[in-house]
2 protein chains.
Amino acid sequence: MARRSCQHRDEDWTLILSDTSGTPTDSTPTEALYFQLFNEIGIISQLSSSAFEKALPHGLTAAQFGVLNHCVRLGDGQTPARLAAAFQVTRGTMTSTLSRLESKGFIRTEPDPKDGRSKRVYLTEAGKTAREDGVAAAAPLFRDVTGALDRAQAEALLQPLQALRKWLDENRNTDFDGL
Amino acid sequence: MARRSCQHRDEDWTLILSDTSGTPTDSTPTEALYFQLFNEIGIISQLSSSAFEKALPHGLTAAQFGVLNHCVRLGDGQTPARLAAAFQVTRGTMTSTLSRLESKGFIRTEPDPKDGRSKRVYLTEAGKTAREDGVAAAAPLFRDVTGALDRAQAEALLQPLQALRKWLDENRNTDFDGL
DNA sequence: CTTGACTAGTTTGATATCATACAATATTCG
DNA sequence: CGAATATTGTATGATATCAAACTAGTCAAG
């Protein structure tokens, strides 16, 4: 009973497996629990990134801002492959995001002098400014969230979520190369 | 991010705001904490739905499976608008997902006799079977996750995440809350 | 009844994302 | 050296998703 926004939320996952077999076993409620957990996570992801993108200036998407921010924080001159690995998206996805950032004049690329296959990605001045603007626009959102979850609760959540993320990351079908 | 999901992972959010102001205040680390929290959530959402879709048969996507599952659990004959609300996607998104399900022969639609604007969505036999197959294919994934997070940990995570989701859901149309 | 406002569903145009396939360059090894 | 293999970036075709514009049906006031 909610309204719009993003993906598939809906408490349904809760019971996805609850009605599969006539004979409830030990594993059935466990599966339902994890379905529900991943469903909540999916909903939160959708709602938060949706709100984030609405706040971002210059028509920046979360993916685009992420790249700008990464370049500011960890430095210019990385290759698309490295960026794709950092964000854990395919290289094709990164190609697309970088091309949009380049269209907007927020990055520029140069061929890698040491490797004929590679490029290097550099921020432009406009890109640095856009990133600053994005940070300023997003900050209030995160401050408000404190109303839903205080610092202590957020910190308590972080540890197990990181463990879960790490596990998922290591156990995925090594489709694209790590790093 | 989801993807499927979609998003940007990378521990960057951790420090997104850490280097914004020259004078660190109390709020700065708090913002960074929440950035990191939402980042982890985004990553998990992406990785889990990606793994889920890889396991699903019949070329079903998570969105498509969700609709089939919803119809099995909560009953046939709902309108697209109701489904869109249940999954919290736009009606346009639901139109798209339903049309694909209809192409695959998993649902059929009929005009609503009481309201000339509406349709009713019904599962076909093939749709019911596909949903069963999907449940069977997905179940092992969720059992495996136990290795990363045991039942007790998952349950402990669920409560605060539900609270966070609820807060985000309630505060999303207010103009400056978003997150 | 006619008008105005609201709802249902669709369409279009953008993005992100994935999988797959491909060309060009690098690397490894027999 | 030269062939097999690996990696880089790109292109293509699907899907999901949103926002916004649009058509059509419903409903409440006058």
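The structure displayed is predicted, hence computed values, not measured ones. Throughout, protein chains are lettered first and strands after them, A, B, ... in sequence-line order, and every chain is numbered starting at 1.
- B:Q88 has its CD atom 17 Å from the C1' atom of D:dA19, to the nearest Å.
- Contacts of B:T95 with the nucleic acid, taken as non-hydrogen atoms under 4.0 Å apart, include base atoms.
- Within the 3.5 Å criterion, the main-chain N or O of B:R120 finds no donor-acceptor partner in the side chain of B:T79.
- Between B:L98 atom CG and C:dT10 atom P there is a gap of 8 Å when expressed in whole angstrom units.
- In this entry the distance linking CZ of B:F65 with P of D:dA16 reads 14 Å, nearest Å.
- Side-chain proximity of A:K54 to the nucleotides D:dT10, C:dA16, D:dA19 is greatest for D:dA19.
- A:R100 has its CZ atom 14 Å from the C1' atom of D:dT10, to the nearest Å.
- Residue pairs meeting the salt bridge (charged side-chain N to carboxylate O under 4.0 Å, His left out) criterion with at least one partner in residues 88-104 of chain B, sequence neighbours excluded, are absent.
- Nearest nucleotide to the side chain of A:T90, out of C:dC18, D:dT10, D:dT17: C:dC18.
- One atom, CZ of A:R120, and another, C1' of D:dG9, lie 13 Å apart when rounded to the nearest Å.
- In this structure, B:E110 places its CD atom 14 Å from P of C:dG9, rounding to the nearest Å.
- Side-chain atoms of B:A81 lie closest to C:dA8 of the nucleotides C:dT15, D:dT17, C:dA8.
- In this structure, CG on A:L158 lies 9.0 Å from CZ on A:R165, to the nearest 0.5 angstrom.
- Nearest to the side-chain atoms of A:T93 among the listed nucleotides D:dT17, C:dA16, D:dT15 stands C:dA16.
- Taking the side chain as every heavy atom from C-beta outward, A:F65 and A:V135 approach each other to under 4.5 Å.
- Counting any heavy atom pair closer than 4.0 Å across all strands shown, B:T61 reaches sugar-phosphate atoms only and no base atom.
- Of the side-chain N and O atoms in B:Q46, none sit less than 4.0 angstrom from OP1 or OP2 of C:dA16.
- Protein atom CE of A:M94 is 11 Å distant from nucleotide atom C1' of C:dT17, rounded to whole Å.
- The side chain of A:R91 approaches D:dT10 more closely than any other nucleotide in the set D:dT17, D:dT15, D:dT10.
- Rounded to an integer number of Å, the gap from B:F87 CZ to D:dT17 P is 10 Å.
- Near DNA chain C, meaning a heavy atom under 4.0 Å away, the residues from residues 111-119 of chain A are A:D115, A:G116, A:R117.
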